Amino acid sequence: MGNHVEKLTHLSYKEVPTADPTGVDKDDGPRIGVSYIFSADDDDLDDPVQDPDKQGTLQEDLQYDHCNEVECSVYYRDECIYEKGFGSGEQLTTYSPENLLNKCKPGDLVEFVAKNQYPHWVVYVGDFQVVHLFRLEITNSFMTDASQGRRGRIVNDQYKFKPLSPEMVVQNAMEQVGAKDQELSWRNSECFAAWCRYGKREFKIGGEIRIGKQPYRLKIQLSEKKSHMLEFQSLEDLIMERRRNDQIGKAAVLQELSNHLHGDDEVRTDHNAN
């Protein structure tokens with residue numbers, strides 16, 4: 001099952017060209033075959049609650065169960081470019097924003113998580129501050145404010161790309177502060193933070209030319225021996241689906257897939273996000 005990938009290139013993912021040989025994309029022009037529909041999937045929480053009587057209820061609502069994490073990996077053709085979970089308990093451990101400040105270094109990526117919420121990614125830039133995409137604007141905030149009561153973790157190692165220098169990561173983030181609405185080139189906080197760290201245009205809206213084939217694969221681990229495979233035309237589309245899975249949680253993902261699985265060790269399906 002699934003589409004056969006045309007032999008248009010033999011390049012590995014490391015060799016797929018970006019707009020600049022240094023890895024920093026300077027080309028913001030539109031690309032072929034892309035629907036520019038912005039999805040603000042990070043804006044689920046309201047402003048921080050000031051009422052002490054309501055803070056306890058908010059904290060209960062935000063409780064996060066790492067056992068409900070969706071373990072998955074992402075492949076570009078045959079190369080693994082992202083991985084989360086797979087028995088690495090430390091990778092999924094979360095900390096309070098205050099504890100994270102003792103662990104973070106400038107250029108680190110941090111993911112804040114909460115039950116039934118999309119993960120929110122930020123770039124730590126030093127002096128207790130982060131830069132992140134929030135409510136259709138790139139904002140410079142204190143780490144504790146950006147967390148909105150959620151616990152978080154450093155996620156530098158989830159993507160397998162070679163990172164830029166910490167100084168370049170911070171520069172990428174700070175140069176975008178104040179950009180908003182139609183000026184934005186990223187669909188969500190994760191795409192923005194990952195672009196800052198890796199400089200790859202694939203994280204931008206319309207960063208790839210879609211040729212009708214689906215070179216990206218999202219492998220969702222259902223159990224030790226079973227997995228489910230989805231195929232995508234672009235990394236951008238795949239990230240949107242993976243974040244949706246993170247938002248609904250493993251139990252809901254398993255429920256969704258139960259009607260499509262018939263005892264096979266691995267099921268491959270085409271996913272056309274057009």
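Quantities reported herein were computed from a predicted structural model and do not represent experimental measurements. Excluded from the calculations below are hydrogen atoms, water molecules and symmetry mates; all remaining heavy atoms, backbone and side chain alike, are included.
Expressed to the nearest 0.5 Å, how far CD1 of I138 lies from CD of Q176 amounts to 6.5 Å. Annotation: the span from E236 atom CD to C191 atom SG amounts to 6.5 Å, rounded to 0.5 Å. The CG atom of D181 lies 13.5 Å from the CZ atom of R135; values are rounded to the nearest 0.5 Å. Atoms CZ and CG, from R217 and D78 in turn, are 5.5 Å apart once rounded to the nearest 0.5 Å. Within the model, atoms CD of Q148 and CD of Q117 stand 8.5 Å from one another, a figure rounded to the nearest 0.5 Å. Note that the CG atom of L235 and the CG atom of L218 stand 10.5 Å from one another [nearest 0.5 Å].
Under the 4.5 Å side-chain heavy-atom criterion for Ile, Leu, Val, Met, Phe, Trp and Tyr, F203 and L136 are members of the same hydrophobic cluster. Both L238 and I248 are assigned to one and the same hydrophobic cluster, defined by single-linkage of ILVMFWY side chains at heavy-atom distances under 4.5 Å. By the rule that hydrophobic residues join a cluster once side-chain heavy atoms approach within less than 4.5 Å of another member, V123 and F142 end up as members of separate clusters.
Shortest non-hydrogen contact noted between C196 and L164 is O-CD1, 3.8 Å. Counting all heavy atoms, side chain and backbone alike, H228 lies closest to L230 at NE2-CD2, 3.7 Å. The nearest pair of heavy atoms linking A179 to L184 is O-CD2, 3.5 Å. In terms of heavy-atom proximity, A146 sits nearest to V122 at CB-CG1, 4.3 Å.
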Using a 3.5 Å cut-off and no angle test, enumerate the donor-acceptor pairs between side-chain atoms of residues 104-113 and protein atoms at least two apart in sequence or in another chain.
unit_1	atom_1	unit_2	atom_2	d
D108	OD1	N156	ND2	2.8
D108	OD2	K105	N	2.8
E111	OE1	R153	NE	2.9
E111	OE1	R153	NH2	3.0
E111	OE2	W121	NE1	3.3

Side chains of residues 124-134: which donor-acceptor partners sit under 3.5 Å, not counting sequence neighbours?
unit_1	atom_1	unit_2	atom_2	d
Y124	OH	F128	N	3.1
Q129	OE1	N140	ND2	3.3
H132	ND1	H120	NE2	2.7
H132	NE2	S141	OG	3.0

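A salt bridge is absent between E71 and K219; no separation between the charged side-chain nitrogens and carboxylate oxygens falls under 4.0 Å. Salt bridge K180/E183: absent, no basic N to carboxylate O contact under 4.0 Å.
The aromatic ring centres of W186 and F192 sit less than 6.0 Å apart.
Between the side chain of R150 and the backbone N or O of S147 there is at least one donor-acceptor pair closer than 3.5 Å. In this structure, R243 contributes its side chain and P119 its backbone to a donor-acceptor pair below 3.5 Å. Of the possible polar contacts, one joining the N68 side chain to the A251 backbone as a donor-acceptor pair under 3.5 Å is found.
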Can W195 and K200 be said to form a side-chain contact (heavy atoms from CB on, under 4.5 Å), step by step?
-> CA-CA 6 Å; W195 174 83; K200 287 191 169 291; 5.8 Å; no
Let me see the working for T144 and E98 under side-chain contact (heavy atoms from CB on, under 4.5 Å), right down to the final yes or no.
-> CA-CA 7 Å; T144 50; E98 293 77 14; 3.8 Å; yes
Do F232 and Q214 pass the side-chain contact (heavy atoms from CB on, under 4.5 Å) test, and can you show the C-alpha distance, the side-chain angles, and the key distance before you say yes or no?
-> CA-CA 5 Å; F232 296 81; Q214 298 164 311; 5.6 Å; no
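You'll find the side chain of E83 reaches within 4.5 Å of the side chain of K160, heavy atoms only. Considering only heavy atoms from C-beta on, I81 comes within 4.5 Å of F161 through its side chain. The shortest side-chain heavy-atom distance between L254 and L222 falls under the 4.5 Å cut-off.
Every ring pair (Phe, Tyr, Trp, His ring centres under 6.0 Å) that Y82 has, sequence neighbours left out, goes to Y159. Annotation: side-chain hydrogen bond (donor to acceptor under 3.5 Å, both in side chains) contacts of S234 (sequence neighbours excluded): D237. In this view, E175 and Q171 satisfy the side chain to side chain contact (heavy atoms under 4.5 Å, CB included) rule, not counting sequence neighbours. N99 meets the side-chain hydrogen bond (donor to acceptor under 3.5 Å, both in side chains) test with S96; sequence neighbours excluded. For D157, the side chain to side chain contact (heavy atoms under 4.5 Å, CB included) criterion is met by no residue, not counting sequence neighbours. Not counting sequence neighbours, the partners of S223 by the side chain to side chain contact (heavy atoms under 4.5 Å, CB included) test are K226.
Side-chain atoms of Y216 and E208 include a donor-acceptor pair closer than 3.5 Å.
A salt bridge (charged side-chain N to carboxylate O under 4.0 Å, His left out) check over residues 246-255, counting only residues at least two apart or in different chains, returns the pairs K84-D246, R242-D246.
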